[in-house]
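Side chains are part of it too, since the values below use all heavy atoms of this structure and drop only hydrogens, waters and symmetry mates.
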Amino acid sequence: MSSVSAHGNAMSRYYAWHSGIYDATRWAFLFDRDAILEDLGLARGETVIEIGCGTGRNFEGILRRVGQEGQIVAVDCAAPMIARCATRIQKLGLKNVQLIDVEYGIAPVLPGGASAVLMSYSLSMIPRWETVLECALRELKPGGRIGVVDFC
């Protein structure tokens, strides 16, 4: 699935340079990314949609909780980050991670199929954050959770 938009192109331009240093530098100011995974109470076999997955930095923490029976649906619209994420997926041999190149918030990617939706420093990067939250609600199974850690 792929979508091209002005926002997606702007994100690709921004991350063209930043993607190369993202994981090495963001620890200094992107706090609580591990804590949000704990707060979500993820369990074996659950499906997690990560909006703005970036380089895939959260994958290992998510997979420790959901196991090989679980699944990650990783969504991003910045081509350089998607490329880094795809490399991580291949390097780690992750079979239960699906990477989707789309600007999130227009329509659910897994309607009613997610145990949790995670937004780790991505919600504030999306201009229509209200519609993103509404879309995320439509992703959830009964009892599902949304976890957000962000600047705002």
Checklist entry - Which heavy atom in Asn96 sits nearest to a heavy atom in Gly67, and how many Å separate them? => result ND2-O, 3.3 Å
Next on the checklist: Determine whether Glu46 and Arg145 satisfy the following criterion, side-chain contact (heavy atoms from CB on, under 4.5 Å), listing intermediate values before the conclusion.
Outcome noted: CA-CA 11 Å; Glu46 290 193 312; Arg145 293 96 56 212; 2.8 Å; yes
Item to check | Residues Arg57, Asp34: salt bridge by 4.0 Å N-O rule | outcome: yes
Item to check | Side chain Ser120, main chain Val149, donor-acceptor under 3.5 Å | outcome: no
Checklist entry - From Cys53 SG over to Ile100 CD1, what is the distance, rounded to the nearest 0.5 angstrom? => result 9.5 Å
Next on the checklist: As an exercise, state the distance from CD1 of Ile72 to CD of Glu50, rounded to the nearest 0.5 Å.
Outcome noted: 7.0 Å
Item to check | CA sep, side-chain torsions, deciding dist, call: Ile146, Val148, side-chain contact (heavy atoms from CB on, under 4.5 Å) | outcome: CA-CA 7 Å; Ile146 295 175; Val148 178; 4.0 Å; yes
Next on the checklist: Does atom CD (Glu69) have a neighbourhood of more than 12 heavy atoms from anything else shown, all under 6.0 Å?
Outcome noted: yes
Checklist entry - Do you know which two heavy atoms are closest between Thr47 and Gly113, and how far apart they sit? => result CB-O, 3.8 Å
Checklist entry - Is a side-chain N or O of Asp76 found less than 3.5 angstrom from the main chain of Gly54, in a donor-acceptor match? => result yes
Checklist entry - Got Ser124 and Asp150 here, is their nearest side-chain heavy-atom distance under 4.5 Å? => result yes
Checklist entry - Given side chains that start at C-beta, do those of Val48 and Val73 come closer than 4.5 Å, heavy atoms only? => result no
Checklist entry - Heavy atoms, side chains only, cut-off 4.5 Å: are Leu37 and Leu118 in contact? => result yes
Next on the checklist: I need the minimum non-hydrogen distance between Cys85 and Leu99, along with the two atoms involved.
Outcome noted: SG-CD1, 3.9 Å
Checklist entry - Atom CZ in Phe59, atom CG in Leu92: separation rounded to 0.5 Å? => result 9.5 Å
Checklist entry - Between Glu38 and Arg65, is there a side-chain N and carboxylate O pair less than 4.0 Å apart? => result yes
Checklist entry - Is a salt bridge present between Arg128 and Glu134, judged by a nitrogen-to-oxygen distance below 4.0 Å? => result no
Checklist entry - What's the spacing between Leu63 CG and Glu60 CD if we round to 0.5 Å? => result 8.0 Å
Next on the checklist: As an exercise, state the distance from CE of Met125 to SG of Cys77, rounded to the nearest 0.5 Å.
Outcome noted: 9.0 Å
Next on the checklist: Just verifying a value: how many Å separate Ile49 CD1 and Ile62 CD1, rounded to the nearest 0.5 Å?
Outcome noted: 11.0 Å
Next on the checklist: With side-chain contact (heavy atoms from CB on, under 4.5 Å) as the criterion, how do Leu42 and Arg64 come out once you've worked through the C-alpha distance, each side chain's angles and the decisive distance to 0.1 Å?
Outcome noted: CA-CA 9 Å; Leu42 300 174; Arg64 266 195 307 277; over 6 Å; no
Item to check | Val109 backbone acceptor or donor facing Glu139 side chain under 3.5 Å | outcome: yes
Checklist entry - For Ile126 and Tyr104, which heavy atoms make the closest approach, and how far apart are they? => result CG2-O, 4.4 Å
Checklist entry - What is the minimum heavy-atom distance between Cys135 and Ala107, and which atoms define it? => result SG-C, 3.3 Å
Item to check | Stepwise side-chain contact (heavy atoms from CB on, under 4.5 Å) test for Met119 and Leu133 | outcome: CA-CA 10 Å; Met119 293 174 237; Leu133 289 174; 3.9 Å; yes
Checklist outcome for this item: In Leu110, Leu137, Leu140, the residue satisfying side chain to side chain contact (heavy atoms under 4.5 Å, CB included) with Val117 is Leu140
